[in-house]
Structures are given as structure tokens and as C-alpha cells.
Visitor: 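Shown below is the structure under consideration.
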Amino acid sequence: MRREHKEYRSKARIYADILNSILRHGGKSGPTRILYGANLSYDRLMKHLRQLIDLGLVQEEKEGNEVIFKLTDKGRTFVLEFVKVEKFAEAFGITI
Amino acid sequence: MELASSVISFIVGYYALKAYKTTGAKGLLLLYLGFLILGIGTFLRFVTATYFGIILRAFPTIEHRLTGLVNLAALIYMLTQLIAYGLFTATYVLQATSTSSRTAEAGAVAAAAVPIVRLFVIPQLELIAITLLGFITVYTFTNWLLKRGSGAALVFLGFGLMLLSHMFFLLIIIEELSLTFLVLGQVTQLAGFLCLLTMLARVSKTNA
């Protein structure tokens, strides 16, 4: 039987993927778009989005009937910092 | 030169700590601890070698009395280096273990007096340092082959030059060429740290 290798993603990596997905959509996005961008199930995405809101990295807003998630300044700083940290770790051969 | 190496080590260590706080990756914590201990060891060597040099210049007749102290300083210096290289090795062993189970992807003063220079070398411990750095250099070389990035190349060059510096430090035991090998060792060591500093400068300029 062939063993499938599922790539492990750390919590920081998942946060970065979610925030990057929002950033790619102009800094604000609905859950469906983020879901595809971050490659997560709806339940897991909502759980992580709650944590990101608590951390002050994302803000929840209402636009008509739709709930959207907006990147805060702290969130943008995190994305920028994560890119640098990723390059640093990659140079040393450390997976994050 | 050693003061500069020590400062660079602290800077790289600080960045590793920052990276650890952002990601929580254990490898980055080990890297931070390794560079912190390496920086402390190199700084202690700079301070003790300078201190012994000044004392010997002022009182050349007391050289034999300093031997014990110099030996102790050398032992502390070598031990801090070995702990640091051990931590780097642990980083990569940990990384190699987790990588294989997850993705199956392939995977460390100019001499005031020459006698003091030689006393600062403990051949057995230098050999251990060379072995550990050899492992680290091979790992970072493999990482460079896989990533092909300039950052990975600079880290490989950095550790490779540190390995070369320890080979030069080991050769200090050859009496006639002690000073030459000391200077070569310090220059290559500083060059290694400068590679890491260059990598850090490039990473800091990265934009999202």
C-alpha cells in the first residue's frame, strides 16, 4: 500500500497563509476566498480566523449581508515579518 | 577580529530569536542558543587573550604563572564552541528527522605572545569541533543544492569557512607557523561570520 505524505503546516504557517490570502485580495476578503487561498476546511478556517481576530491581526466587518475579514496594520506587519523569517530559516535549512 | 565575529554571532542569534518568537519552530530556538553561546565564547576569548597579552607585555617573566589560567580560559572557550556546534548539529538532526518523516525530502587576537597562542588550542577538542562543523557544513551544502538560493549559499559558505578556521586553529600546534595559522584561522572565521551577516542583511531587505 502506498503511503501518502501529507505536508505538515505549523500554526504560524497556517496564519501566514490565511493573512496572505486576504492580502492578495486587496487586504479584505470573505471566508470562501480565504478558504481556497489558505487551503483549509470551513470549520478550521473559522477557528483560525477567531484566533487571528483575538491576536489583533484580522478585523471582522459587515458589508451588507456579507461578513468580510480585513487585515489590520499588525496583520500586514506579521505578513512582512513572516516572509523575512521564512527566508532566514530557509537559508539555514530549517522548515517552519 | 574576534570581537567582530562575536558581535555578528550575537546579531544572527538575535534574529534567530526573533524568528523563533514569530514561528515557534524549535530549530530556530536551537540556532539562537547556538549563536548566543558562540558569541559569548568568542567574546570571552577576545577578552582573555587581550588581557593575557597586556599582562605578558608588562610582566614578561610571569609567563609560567599564567599557564594554568590560560589553560582554563582555553578550555572554557573550546567548551562554549563545542556546545554551540552541538546545538547547530542538534538543529539539523532534529530537522532531518522531522523532514524525513513528513516529506521524505533529502537533507562557530592577534597574538600578543606566540606561546599563549598555542596554549589556546586543545587539539582533541578542535577535532571534535571540526567533526561537528563538518556535519553542519555538509547539511548546509545539501540545503543549498536543494534550494539554490543565495541565502542558503551564504550560510553554507559561512559554516564552511568556520570549519576551515578550525583546521587552521588545529595547525597552530606546529610551532614555527603558529602565528601564521592563528591569523589565517581568525581571518577565515571572521569571513564566515561576515557571510552570515550578509545573508541577514539580504533577508532584512526582503519585501512581502
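Since the structure is predicted, the reported quantities are computational estimates derived from the model, not experimental observations. Numbers restart at 1 for each chain; the letters A, B, ... are given by sequence-line order, proteins then strands. Computed from heavy atoms alone, side chains included, the values below leave out hydrogens, waters and symmetry copies.
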Visitor: Just wondering, are more than 12 heavy atoms of other shown residues or ligands nearer than 6.0 Å to CZ in Phe135(B)?
Guide: yes
Visitor: Is it the side chain or the backbone of Phe78(A) that comes within 4.5 Å of chain B heavy atoms, both, or neither?
Guide: side chain
Visitor: Is the CG atom of Asp54(A) crowded by more than 12 outside heavy atoms at less than 6.0 Å?
Guide: yes
Visitor: Taking side chain as everything from C-beta outward and backbone as N, CA, C, O, which of these in Ser150(B) sits under 4.5 Å from a heavy atom of chain A? Side chain, backbone, both or neither.
Guide: neither
Visitor: A side-chain contact here means heavy atoms from C-beta on lying under 4.5 Å apart; do Thr22(B) and Phe88(A) qualify?
Guide: no
Visitor: Please work out whether the ring planes of Phe92(A) and Phe159(B) are parallel, tilted or perpendicular, with thresholds of 30° and 60°.
Guide: perpendicular
Visitor: Does any backbone or side-chain atom of Glu81(A) lie under 4.5 Å from a heavy atom of chain B? Answer side chain, backbone, both or neither.
Guide: side chain
Visitor: Can you tell which part of Ala16(B) gets under 4.5 Å to a heavy atom of chain A, answering side chain, backbone, both or neither?
Guide: both
Visitor: Are more than 12 heavy atoms from other residues, nucleotides or ligands located less than 6.0 Å from atom CZ of Arg33(A)?
Guide: no
Visitor: Are more than 12 heavy atoms from other residues, nucleotides or ligands located less than 6.0 Å from atom CZ of Phe82(A)?
Guide: yes
Visitor: Given side chains that start at C-beta, do those of Arg202(B) and Lys87(A) come closer than 4.5 Å, heavy atoms only?
Guide: no
Visitor: Has Lys84(A) got a side-chain atom pairing as donor or acceptor with Val203(B)'s backbone, closer than 3.5 angstrom?
Guide: no
Visitor: May I ask you to name which of Gly24(B), Ala152(B), Gly27(B) has the most heavy-atom pairs under 4.5 Å with chain A?
Guide: Ala152(B)
Visitor: Please check if the number of heavy atoms outside Phe10(B) that lie under 6.0 Å from its CZ is greater than 12.
Guide: yes
Visitor: Let me know if Leu200(B) has heavy atoms under 4.5 Å from chain A in its side chain, its backbone, both or neither.
Guide: side chain
Visitor: Quick one: closest heavy-atom pair of Ala89(A) and Leu28(B), and the distance?
Guide: CB-CD2, 4.2 Å
Visitor: Can you measure from OG1 (Thr23(B)) to CZ (Arg13(A)) and round to the nearest 0.5 angstrom?
Guide: 9.5 Å
Visitor: For Tyr139(B) and Gly93(A), which heavy atoms make the closest approach, and how far apart are they?
Guide: OH-O, 3.4 Å
Visitor: If every non-hydrogen atom of Ala25(B) is compared with every non-hydrogen atom of Ile96(A), which pair is closest and at what distance?
Guide: CB-CG2, 3.6 Å
